[in-house]
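If you read the sequence from its start, that first residue is 1, and numbering goes on from there.
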Amino acid sequence: MIRNVAALLLVTVGLVGAQPEVESKKINIRPLISKYYVHLINDLSSPDMTVHCKSADNDLGFHHLHKGEDFQFNFKINFWKTTLFWCTVQRPNAYVSFECFWPERKSSWLRDRCKNGDVGSCIWRIKDDGIYLRNNAANTDELIHKWIITR
């Protein structure tokens, strides 16, 4: 018993002694965003469009959007951090199916673009040449998906 206590004491002293070195290094930890808002905005020049979004657990239904209208939904990331949503956007003679939110374990590409304060706001703009994601930090729209023509 005394050996165990002595060993624990030595380990504790060793860890405490190493702590100032760890604290002196800057650690860049990005806080995880737990609540997200996803917007799909019709920025097409003329035709209306249809949006259908879903996850493994939720089908958000079909939504017909006129020019300038916005379909939006929000959610919290599940306990396992596996939340995934995808959408199909259709306009006359073209469509695009894409993931509008996915879990990020090794990168923060989507999180960096959607970060808006302490929440995530993923803004997808549907334009004549494709689907754009708003980069909130840079205040720009980035072309992510081109239309698949069906004529």
Could you tell me if the side chain of [Y] sits less than 4.5 Å from the side chain of [X], heavy atoms only?
X      : Y      : answer
Thr82  : Arg105 : yes
Trp86  : Lys54  : yes
Thr88  : Gln90  : yes
Arg134 : Asn139 : yes
Tyr36  : Cys100 : no
Leu44  : Lys127 : no

Among Val89, Leu60, Asp59, the one residue meeting side chain to side chain contact (heavy atoms under 4.5 Å, CB included) with Cys53: Leu60
Examine [X] and [Y] and state if one hydrophobic cluster contains both, with Ile, Leu, Val, Met, Phe, Trp and Tyr joined whenever side-chain heavy atoms are less than 4.5 Å apart.
X      : Y      : value
Ile77  : Leu84  : yes
Val38  : Val119 : no
Ile144 : Ile149 : yes
Tyr132 : Trp109 : no

Mind listing the closest non-hydrogen atom pair of [X] and [Y] along with its distance?
X     : Y      : result
Thr83 : Asn78  : OG1-N, 2.8 Å
Val96 : Lys146 : CG2-O, 3.4 Å
Glu69 : His64  : OE1-O, 3.8 Å

May I ask you to decide if [Y]'s main-chain N or O and [X]'s side chain share a donor-acceptor pair within less than 3.5 Å?
X      : Y      : answer
Trp147 : Asp128 : yes
Asn136 : Ser121 : yes
Asn116 : Gly120 : no
Asn42  : His66  : yes
Lys115 : Gly117 : yes
Ser108 : Arg111 : no
Glu104 : Leu110 : yes

Once you round to the nearest 0.5 Å, how far does [atom1] of [X] lie from [atom2] of [Y]?
X      : Y      : atom1 : atom2 : value
Leu40  : His52  : CG    : NE2   : 12.5 Å
Glu99  : Phe85  : CD    : CZ    : 12.0 Å
Ile41  : Ile123 : CD1   : CD1   : 5.5 Å
Tyr95  : Thr50  : OH    : OG1   : 15.0 Å
Ile126 : Ile131 : CD1   : CD1   : 4.0 Å
Asp141 : Asn135 : CG    : CG    : 9.0 Å

Can you pull out every disulfide bond (SG atoms under 2.5 Å apart) where at least one residue sits in residues 104-151? Sequence neighbours excluded, please. Cys114-Cys122
Around atom CZ of Phe62, are there more than 12 heavy atoms from other residues, nucleotides or ligands closer than 6.0 Å? no
Heavy-atom neighbours of Phe75 CZ exceed 12 at 6.0 Å: yes
Is there a side-chain contact (heavy atoms from CB on, under 4.5 Å) between Asp70 and Leu65? Walk through the geometry before answering. CA-CA 7 Å; Asp70 174 10; Leu65 300 180; over 6 Å; no
Less than 4.0 Å between a side-chain N and a carboxylate O, is that true for Asp43 and Lys67? no
Phe98 and Trp124 aromatic centres sub-6.0 Å: yes
Parallel, tilted or perpendicular: which fits the ring planes of Phe71 and His63, with parallel below 30° and perpendicular above 60°? parallel
